[in-house]
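Numbers restart at 1 for each chain; the letters A, B, ... are given by sequence-line order, proteins then strands.
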2 protein chains.
Amino acid sequence: MDAIDLSLVDLLRGNARLSYAELARQVGLSAPAVHERVGKLEAAGVIRAYRAEVEPERIGLNVTALISVVEDSGADTDDVLEAFRAIPEIESCYFMAGVESFLLKVRVGTIAELERLIVRLNRTPGVASTRTSIALSTKWENRPQPVVPSS
Amino acid sequence: MDAIDLSLVDLLRGNARLSYAELARQVGLSAPAVHERVGKLEAAGVIRAYRAEVEPERIGLNVTALISVVEDSGADTDDVLEAFRAIPEIESCYFMAGVESFLLKVRVGTIAELERLIVRLNRTPGVASTRTSIALSTKWENRPQPVVPSS
DNA sequence: AGGCTGAGGTCGATGGCGTCCACGGACTGT
DNA sequence: ACAGTCCGTGGACGCCATCGACCTCAGCCT
């Protein structure tokens, strides 16, 4: 994990579809060398996935909400997590400090679906209560901050 | 924006580095056809970017926090937004319903940096107060939910 | 009805790319 | 000094990206 690896990570966070040849030009190595480096970064779990970022409204996900969840005292956190994992609408799940153990970012098509989702969450064993905040708009999301000051 | 486009979007949300040839096989079209379709999806803004998803701790971003921001009464929301946009540590920015106008997801290297960031946020014109919740761990993030029931 | 037009597909060709392999130089420990 | 290891380069070969030519079909105008 040297400076070149960090540059590669930065480049791929900016554009995951860069060719190995292009990456090679940017970091000043040969294509096979960056191929091997990127492969190792993937194997080591530094790079977890390559994802296309899509405007959610364009694929029918018109409602974004953030839901804080308070666990029952004595609830098994792992069980709750497993139940959450099975709900595809939960795009992100953070385990938080504070009374509200979880913060969930969810996306659904309509407010009616959000209502059903909240009901479902409140019914899952181990959750005591939820608190939902609706996002009126997403200004930006997952903007990669550069790790290397100037590559 | 037909069923094939949705399949392409789903496939690329799952793996942004799929080749056009592979996409073509999956959707049953020729490579040039999917090339053109994907190009149009990008041009139309449906696909905004391709990003490598990186484990934040591996690149020195050890602290994740969510910060709710209350605006000053009479503050210009656009000015506040512009100030936020200039802060690279703010990875996501949602405009929320409720008293707290903004929710920011931030990532920094250390708690000390988080403290400096919070001070900076409180000093920016237009913000009345902030409320910070620290994420102890990220269970998952930006998991793509399938749009097409079963491609 | 017939033909024009445009959208969106296939096919074929070609140049570049991904990927495998053999080889070579620097660093390290003995 | 020497062998081993790591990490790179360069060459080779097959696949892929991408362009142009052509095909098909639907909609529409005359």
Problem set entry | Electrostatic pair Arg131(A)-Glu100(A), nearest N-O below 4.0 angstrom | yes

Exercise. So, Arg17(B) and Glu53(B), do they make that salt bridge, N to O below 4.0 Å?
Worked result: no

Problem set entry | Between Phe102(A) and Tyr94(A), ring centroids under 6.0 Å | no

Whole angstrom value for the distance that separates [atom2] of [N] from [atom1] of [X]:
X	N	atom1	atom2	value
Glu22(A)	dT19(C)	CD	C1'	18 Å
Asp5(B)	dG8(C)	CG	C1'	12 Å
Ile4(A)	dC7(D)	CD1	P	12 Å
Leu23(B)	dG9(C)	CG	C1'	17 Å
Asp2(A)	dG8(D)	CG	P	8 Å

From [options], nucleotide with atom closest to [X] side chain:
X	options	value
Ala21(A)	dA17(D), dG9(C), dC17(C)	dC17(C)
Ala31(A)	dC17(C), dA17(D), dT19(C)	dT19(C)
Tyr20(A)	dC19(D), dA17(D), dG18(C)	dG18(C)
Pro32(B)	dG11(D), dG8(D), dC11(C)	dC11(C)

For this session: Start with the C-alpha distance between Arg37(B) and Asp2(B), add both sets of side-chain angles, then the distance that settles salt bridge (charged side-chain N to carboxylate O under 4.0 Å, His left out), and finish with yes or no.
Result: CA-CA 11 Å; Arg37(B) 276 173 178 264; Asp2(B) 58 4; 2.9 Å; yes

Problem set entry | Earlier contact from the 5' end, DNA chain D, for Arg17(A) and Arg37(A) | Arg37(A)

For [X] and [N], is the shortest distance between a side-chain N/O and OP1 or OP2 below 4.0 Å?
X	N	answer
His35(B)	dA17(D)	no
Lys40(B)	dA7(C)	no
Arg25(B)	dC16(D)	yes

Exercise. Crowded around Glu55(A) CD? As in, over 12 foreign heavy atoms under 6.0 Å?
Worked result: yes

Exercise. How is Ser30(B) classified with respect to the nucleic acid when contacts are heavy atoms under 4.0 Å: base, sugar-phosphate, or nothing?
Worked result: base

